Novice: 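The structure under discussion is supplied below as structure tokens; questions concerning it will follow.
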Amino acid sequence: MHDSILVTGGAGFIGSNFVLNWVEATGRSVVNLDLLSYAGNPENLFTLEGDARHLLVRGDICDAEFVGSLLREHQPKAIVHFAAESHVDRSIASPQAFIQTNVQGTFVLLEQTKAYWSGLAESDRRAFRFLHVSNGRGVRNLGAR
């Protein structure tokens, strides 16, 4: 297991701020997996351009084979999961995209993480962390409509 972490959705507003703060505070590397859809903007990370501690990878958390290979290749010690559809107006217009990313994508990420974690040495398994960050806005706001 390497000293890097994997961040999903790290080109979005909240995720990019986490990535920037992580690199500055710890000096450790980040593999940043983002679909770069409407919410992901590589310009949010412009201060890390050319910095070897940051690798931006364009990809989909719904792609199990891709996620599994990324975990095996980079061997992160933790995953911080920000990737989500979170714009309420979009959830009303296109709920399928929300289900695909927020439910199916999180499920795929958890399953691939479990497979990766199972192959780690016992000490690495105990040290490994998975943090799912969610703002919950969509649920609260939709309930208020």
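Note that this is a predicted model, so its numbers are computed, not measured.
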Novice: Mind checking whether Leu56 and His54 have side chains closer than 4.5 Å, heavy atoms only?
Specialist: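 Answer yes - side chains close enough.
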Novice: Take atom CD in Glu111; do more than 12 heavy atoms of anything else shown fall under 6.0 Å from it?
Specialist: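 Correct, the count exceeds 12.
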Novice: As an exercise, state the distance from OG of Ser29 to CG of Leu48, rounded to the nearest 0.5 Å.
Specialist: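 Answer rounded to 0.5 Å: 11.5 Å.
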Novice: Drop me the distance from Arg129's CZ to Ile5's CD1, to the nearest 0.5 angstrom.
Specialist: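 The CD1 atom of Ile5 is 13.5 Å from CZ of Arg129, to the nearest 0.5 Å.
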Novice: Can you label the angle between the Phe130 ring and the His132 ring as parallel, tilted or perpendicular, going by 30° and 60°?
Specialist: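 Perpendicular, since the angle between the ring planes exceeds 60°.
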Novice: Hey, what do you get for CD1 (Ile14) to OG (Ser134), rounding to the nearest 0.5 Å?
Specialist: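 The CD1 atom of Ile14 sits 9.0 Å away from the OG atom of Ser134.
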Novice: Rounded to the nearest 0.5 Å, how far apart are CG of Leu20 and CG of Asn44?
Specialist: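 Going from CG on Leu20 over to CG on Asn44, the span is 8.0 Å.
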Novice: Just wondering, do Pro42 and Leu36 contact through their side chains at under 4.5 Å, heavy atoms?
Specialist: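 A side-chain contact exists here, since the closest heavy-atom pair is under 4.5 Å.
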Novice: Under the criterion side-chain contact (heavy atoms from CB on, under 4.5 Å), I'd like the reasoning laid out for Gln104 against Thr106: C-alpha separation, chi angles, the key distance, then a yes or no.
Specialist: CA-CA 6 Å; Gln104 183 64 27; Thr106 298; over 6 Å; no
Novice: Would you say Asp124's side chain and Leu120's backbone share a donor-acceptor pair under 3.5 angstrom?
Specialist: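 No, because the side chain of Asp124 does not come within donor-acceptor range (under 3.5 Å) of the backbone of Leu120.
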Novice: Between CD1 of Ile61 and CZ of Phe82, what distance do you get to the nearest 0.5 Å?
Specialist: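 Reported value, rounded in 0.5 Å steps: 13.0 Å.
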Novice: Decide yes or no for Leu55 and Val57: does some side-chain heavy atom of the first lie under 4.5 Å from some side-chain heavy atom of the second?
Specialist: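 Sidechains of Val57 and Leu55: in contact.
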Novice: Transitively linked via ILVMFWY side-chain contacts under 4.5 Å: Val80 with Leu45?
Specialist: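 Same hydrophobic cluster.
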Novice: Could you state the interatomic distance from CG (Asp3) to CZ (Arg28), rounded to the nearest 0.5 Å?
Specialist: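 One gets 4.5 Å once the value is rounded to the nearest 0.5 Å.
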Novice: Spell out, yes or no, whether Phe13 and Val7 are grouped together once hydrophobic residues are joined by side-chain heavy atoms under 4.5 Å, including indirect joins.
Specialist: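 Yes; Val7 is reachable from Phe13 via cluster members.
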Novice: Nearest heavy-atom pair of Ser4 and His74: which atoms, and what distance?
Specialist: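 Smallest heavy-atom distance, with atoms named: OG-O, 3.6 Å.
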Novice: If you define the side chain from C-beta out and look only at heavy atoms, does anything of Leu6 sit under 4.5 Å from Leu33?
Specialist: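 In contact.
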Novice: Are any of the side-chain heavy atoms of His81 and Thr113 separated by less than 4.5 Å?
Specialist: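 Side chain of His81 against side chain of Thr113, heavy atoms only: no contact under 4.5 Å found.
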Novice: Would Val108 and Trp117 show up in the same hydrophobic cluster when neighbours are defined by side-chain heavy atoms closer than 4.5 Å?
Specialist: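 No.
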Novice: In the structure I gave you, are the side-chain heavy atoms of Asn32 and Trp22 within less than 4.5 Å of one another anywhere?
Specialist: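 No. Closest side-chain heavy atoms not under 4.5 Å.
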Novice: According to the interplanar angle, ranging from 0 to 90°, do the rings of Tyr116 and Phe128 count as parallel (below 30°), tilted (30 to 60°) or perpendicular (above 60°)?
Specialist: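 Because their plane-to-plane angle is over 60°, the rings of Tyr116 and Phe128 count as perpendicular.
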Novice: Is there side-chain contact between Ile79 and Leu131, with heavy atoms separated by less than 4.5 Å?
Specialist: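 No - every pair of side-chain heavy atoms lies 4.5 Å or more apart.
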Novice: Test of understanding: clusters of I, L, V, M, F, W, Y form through side-chain heavy atoms closer than 4.5 Å, transitively. Do Leu35 and Leu109 belong to the same one?
Specialist: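 Leu35 and Leu109: separate clusters.
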Novice: Counting only heavy atoms not in Glu122, do more than 12 sit closer than 6.0 Å to its CD atom?
Specialist: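 It does: Glu122 CD has more than 12 such atoms within range.
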Novice: Donor-acceptor pair, Asp60 side chain versus Asp63 backbone, under 3.5 Å?
Specialist: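 Not at all, since once roles are kept as given, no pair shorter than 3.5 Å links the two residues.
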Novice: With a 4.5 Å cut-off on side-chain heavy atoms, are Arg53 and Val30 touching?
Specialist: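 When only atoms from C-beta onward are counted, Arg53 and Val30 do not touch, as no gap falls below 4.5 Å.
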Novice: Examine distances only and state if a side-chain atom of Thr8 and a backbone atom of Ala83 form a donor-acceptor pair shorter than 3.5 Å.
Specialist: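 Looks like yes, one N/O pair under 3.5 Å.
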